[in-house]
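First comes the structure, then the notes that go with it.
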Amino acid sequence: MQESKFPHIRARADVARHRVRGRLAGRARLAVPATVLAVGAGLAGISAAVAGGPTEAPVTAAVAADQQARTEAAQRADRAERAATQTTPATPAQPAPTTAAPKAAPTTPAAPKTTTAAPKKVTPAWVSPMPGAATTSCFGQRWGVLHAGVDLAADAGTPIHAVGAGTVVAAGWAYSGYGISVVIDHGNGYLTHYAHQSRVAVKVGQKVAVGQVIGYEGSTGDSTGPHLHFEVHQGALWNQINPAPWLKARGIAVSC
Ligand SMILES: [Zn+2]
């Protein structure tokens with residue numbers, strides 16, 4: 001170039017060039033870390049994207065939030081369902097009063113079926129001698145003498161039943177004034193006597209069951225009309241006691 005002619009200029013220019021170069025170099029030196037940072041940030045972004053890092057983080061957060069919401073909703077639904085099941089026992093409890101057993105009450109729908117099947121005929125140990133008959137006279141003093149029994153009236157010829165199981169110890173015209181009667185020994189310290197019958201249906205020594213027909217209502221003996229004179233003898237024959245409480249104690253209603 002023109003080095004020989006203007007060595008000082010060359011020198012200045014050289015210096016200037018050096019200065020520029022130095023300035024550029026300085027800028028470059030500054031620019032390098034910036035580029036590295038920029039590139040690094042870009043790389044970091046790419047690597048993060050590839051690795052599913054920062055770009056996916058908000059997605060996972062959103063998923064997590066969604067999951068949380070769903071879980072809470074499920075819990076709320078579960079609570080609602082539990083609340084609903086807590087109220088349901090109240091409705092099947094309504095037919096419960098018909099059932100006697102408390103264990104059958106809660107939820108079983110089979111409980112009403114057992115109650116409908118329950119009315120099973122069970123033969124009682126003691127029955128009325130003439131069911132449905134009217135009580136016309138009670139045990140006690142009557143016209144100066146002891147009326148030693150209870151009078152029950154129904155239509156003439158109405159069947160008379162053994163009040164309990166036992167053995168027939170008298171049947172027919174056995175005792176004066178009583179007309180055609182039957183005496184049954186129940187084997188428990190008590191005897192029952194059925195008087196004024198039209199006819200008997202059993203014989204002495206015969207075993208009878210509770211409720212068995214032993215004869216029919218009439219007006220034989222000292223009687224003014226068709227009725228059954230019923231007596232209870234305690235311990236021995238002719239030790240008459242009041243039949244009313246005796247029958248009531250065995251579940252048989254008498255209007256005395
Ligand atoms: Zn009588």
Side-chain angles (χ1 to χ4, degrees), residues 100 118-256:
K120 193 179 177 180
K121 199 187 176 182
V122 179
T123 309
W126 305 94
V127 296
S128 170
M130 207 155 69
T135 306
T136 55
S137 189
C138 294
F139 180 94
Q141 290 294 324
R142 188 175 66 174
W143 306 314
V145 290
L146 177 69
H147 180 233
V150 168
D151 290 346
L152 302 170
D155 292 339
T158 299
I160 296 164
H161 305 265
V163 293
T167 307
V168 176
V169 295
W173 282 94
Y175 313 107
S176 178
Y178 287 90
I180 297 170
S181 68
V182 170
V183 175
I184 298 169
D185 186 348
H186 296 289
N188 63 345
Y190 293 100
L191 300 100
T192 49
H193 188 194
Y194 312 77
H196 309 312
Q197 296 183 36
S198 57
R199 61 184 177 98
V200 296
V202 290
K203 289 185 285 184
V204 173
Q206 185 179 335
K207 301 272 183 191
V208 291
V210 58
Q212 185 175 329
V213 175
I214 56 166
Y216 299 89
E217 186 197 21
S219 191
T220 56
D222 295 336
S223 171
T224 55
H227 75 283
L228 167 66
H229 175 88
F230 177 77
E231 292 180 356
V232 175
H233 301 199
Q234 185 176 19
L237 201 60
W238 306 118
N239 182 37
Q240 292 106 318
I241 59 164
N242 189 348
W246 188 88
L247 288 169
K248 285 173 185 173
R250 285 156 181 79
I252 301 146
V254 184
S255 304
C256 286

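When a ligand or atom number is given, it counts from 1 through the structure's own listing order.
Applying the salt bridge (Lys or Arg N to Asp or Glu O under 4.0 Å) rule to Arg142 yields the partners Asp151; only residues at least two apart in sequence or on another chain are considered. The side chain to side chain donor-acceptor pair (under 3.5 Å) search around Thr135 returns none, not counting sequence neighbours.
Taking a 6.0 Å sphere around CG of Asn188, one finds it holds more than 12 heavy atoms contributed by other residues, nucleotides or ligands. No more than 12 heavy-atom neighbours from other residues, nucleotides or ligands sit within 6.0 angstrom of NZ on Lys207.
The disulfide (SG to SG under 2.5 Å) analysis of residues 156-256, with sequence neighbours excluded, yields the pairs Cys138-Cys256.
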**Study point:** Derivation of the side chain to side chain donor-acceptor pair (under 3.5 Å) call for His147 and His229
**Key:** CA-CA 10 Å; His147 180 233; His229 175 88; 3.2 Å; yes

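Any protein N/O/S atom under 2.8 Å from the Zn ion (ligand 1) was counted, giving 3 altogether.
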